[in-house]
Amino acid sequence: MAEVLVYVDHVDGAVRKPTLELLTLARRIGEPVAVALGAGAADTAAVLGEHGAVKVLTHDASEYADYLVVPKVDALQAAVEAVSPAAVLVPSSAEGKEVAARLALRIGSGIITDAVDLEAGDEGPVATQSVFAASFTTKSRISQGTPVITVKPNSAAVEAAPADPAVSELSVTFSAQATGTKVTGRTPRESTGRPELTEAAIVVSGGRGVNGSENFAVIEALADSLGAAVGASRAAVDAGWYPHTNQVGQTGKSVSPQLYIANGISGAIQHRAGMQTSKTIVAVNKDAEAPIFDLVDYGVVGDLFDVVPALTQEINTRKG
């Protein structure tokens, strides 16, 4: 069976959930070979093996932390040359998409970004995408070179498939461009204790109907009762009610959680483009004609300041 390279997103050896999803998808089209780079790379092998990686290629060098994406592109290019994979899968983060695009250019291949599903095809892997502000679903495949595909978080359920991976060090020679852009400083993002927005299984969002930054406490309380991330519409962000980093939409972040709860959000196409691939969508809005109700699985017509606190209370009561 052909091998499939999976780029490992990890922090000091702690593997992030999107990588485990990629391993699940990779097993549909071949045998996963994980590529872990940077500090703690060797510590990822056990978790990667539990989720189906048959090989783990590691490489640690200061360049991965001291410079931007080019060293990672150099390493993935070396992995492609060493393995000759059937495809390369990369998490669909901002950095992941830049790494994937640079790699595809380097190896003369096509690229598919923001895939939401992956299956084996007679002429190579077939990727499903949600396109044109989620108005259409397409199936595509790369017709030239080794397919490079980025996959949105929450596109597949994580499935354990224990393996005993062969761990080896990847031989990497950094290009002249690798040290062209140096990282001069890092500031840790203040933790809210909530999941990362793009990776969360549940997202609770607020929009114009929240009517003020002080009222987002209602949205946060519901999110915390569910262990969810908090999102916001562009209208709420533009009004200064919530940080831009939490914006969901075409000009914000795209999310695809198992459950998305939209509160006081009308459902403009800009917002829908960022959340329409959610598995289950619930909306609370006092306007029965709001466009959001055209795509929801469950809709509640009512004042969010009545509905959301009652829902939060009921969830907390059931939790015990």
Side-chain angles (χ1 to χ4, degrees), residues 1-38 40-60 64 72 75-76 78-80 82-93 95-97 99-100 103-104 111-121 124-129 141-142 146-170 195-196 198-201 256-258 277 279:
M1 184 178 288
E3 294 179 324
V4 179
L5 283 184
V6 173
Y7 174 66
V8 177
D9 183 6
H10 72 98
V11 179
D12 296 329
V15 180
R16 301 180 69 177
K17 181 170 170 279
T19 297
L20 305 182
E21 297 169 6
L22 290 187
L23 290 171
T24 298
L25 292 172
R27 295 199 305 273
R28 298 180 185 176
I29 58 176
E31 294 186 322
V33 176
V35 181
L37 307 173
D43 298 331
T44 64
V47 172
L48 297 172
E50 289 172 6
H51 293 84
V54 298
K55 295 180 184 177
V56 178
L57 305 178
T58 67
H59 189 256
D60 186 10
Y64 298 121
K72 298 172 184 177
L76 275 180
V80 169
V83 174
S84 298
V88 181
L89 305 185
V90 181
S92 218
S93 62
E95 180 181 275
K97 283 187 277 192
V99 168
L103 175 65
I111 182 173
I112 293 174
T113 60
D114 289 336
V116 295
D117 200 5
L118 195 63
E119 60 190 272
V126 177
T128 300
Q129 293 167 286
R141 67 173 179 82
I142 302 298
T146 301
V148 180
I149 303 170
T150 75
V151 181
K152 291 178 68 173
N154 291 312
S155 294
V158 174
E159 297 175 2
D164 185 15
V167 182
S168 59
E169 185 170 351
L170 181 66
E196 168 65 30
T198 56
E199 300 175 15
S256 188
Q258 296 297 313
T277 55
K279 308 304 182 291

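The side-chain hydrogen bond (donor to acceptor under 3.5 Å, both in side chains) test applied to Thr128 returns Lys139, not counting sequence neighbours. Applying the side-chain contact (heavy atoms from CB on, under 4.5 Å) test to Ala104 and every residue at least two apart in sequence or in another chain returns Ile111, Val148. Contacts of Ala163 classified as side-chain contact (heavy atoms from CB on, under 4.5 Å), with partners at least two apart in sequence or in another chain: none. With sequence neighbours left out, the side-chain hydrogen bond (donor to acceptor under 3.5 Å, both in side chains) criterion links Arg141 to Glu123. For Asp114, the salt bridge (Lys or Arg N to Asp or Glu O under 4.0 Å) test picks out Lys97, with sequence neighbours left out. For Ala87, the side-chain contact (heavy atoms from CB on, under 4.5 Å) partners at least two apart in sequence or on another chain are Val4, Ile29, Pro125, Pro147. Here Ser93 pairs with Glu95 under the side-chain contact (heavy atoms from CB on, under 4.5 Å) rule; sequence neighbours left out. For Ser256, the side-chain hydrogen bond (donor to acceptor under 3.5 Å, both in side chains) test picks out Thr277, Lys279, with sequence neighbours left out. Residues that satisfy the side-chain hydrogen bond (donor to acceptor under 3.5 Å, both in side chains) test with Asp117, not counting sequence neighbours, are Arg28. Scored by the salt bridge (Lys or Arg N to Asp or Glu O under 4.0 Å) test, Glu196 finds Arg189, Lys253 as partners (sequence neighbours excluded).
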Compile the donor-acceptor pairs under 3.5 Å between side chains in residues 47-55 and protein atoms, sequence neighbours left out, one pair per line.
| residue | atom | partner | partner atom | Å |
| --- | --- | --- | --- | --- |
| His51 | ND1 | Val47 | O | 2.9 |
| Lys55 | NZ | Glu3 | OE2 | 2.8 |

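Here His59 contributes atom NE2 and Leu76 contributes atom CG; the two are 12.5 Å apart, rounded to the nearest 0.5 Å. Separation of atoms OG1 (Thr113) and NZ (Lys152) is listed at 10.0 Å; rounding is to 0.5 Å. Between Leu103 atom CG and Thr150 atom OG1 the span is 12.0 Å, to the nearest 0.5 Å. To the nearest 0.5 Å, atoms CG (Leu89) and CG (Leu5) are separated by 8.5 Å.
Considering all non-hydrogen atoms of both residues, Val167 and Ala45 come closest at CG2-CB, 3.7 Å. Leu22 and Tyr7 make their closest contact through CD1-O, 4.2 Å (heavy atoms, listed as atom of the first residue, atom of the second, distance). When all heavy atoms of Pro257 and Ala200 are compared, the pair lying nearest together is CB-O, 3.4 Å. Of all the heavy atoms in Gly96 and Val90, the pair that sits closest is O-CG1, 3.4 Å. The shortest non-hydrogen separation linking Ser155 to Ala115 is OG-O, 3.6 Å. Of all the heavy atoms in Val6 and Ala26, the pair that sits closest is CG2-CB, 3.8 Å.
Residue pairs meeting the side chain to side chain donor-acceptor pair (under 3.5 Å) criterion with at least one member in residues 8-23, sequence neighbours excluded: Arg16-Glu199, Lys17-Glu21, Lys17-Asn154.
Judged by distance alone, with hydrogens and angles left aside, the side-chain atoms of Thr24 form a donor-acceptor pair with the main-chain N or O of Glu159 at under 3.5 Å. Judged by distance alone, with hydrogens and angles left aside, the side-chain atoms of Thr44 form no donor-acceptor pair with the main-chain N or O of Gly40 at under 3.5 Å.
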- request: Apply side chain to side chain contact (heavy atoms under 4.5 Å, CB included) to the pair Val83 and Leu57, showing each step before the final yes or no.
  value: CA-CA 10 Å; Val83 174; Leu57 305 178; 4.0 Å; yes
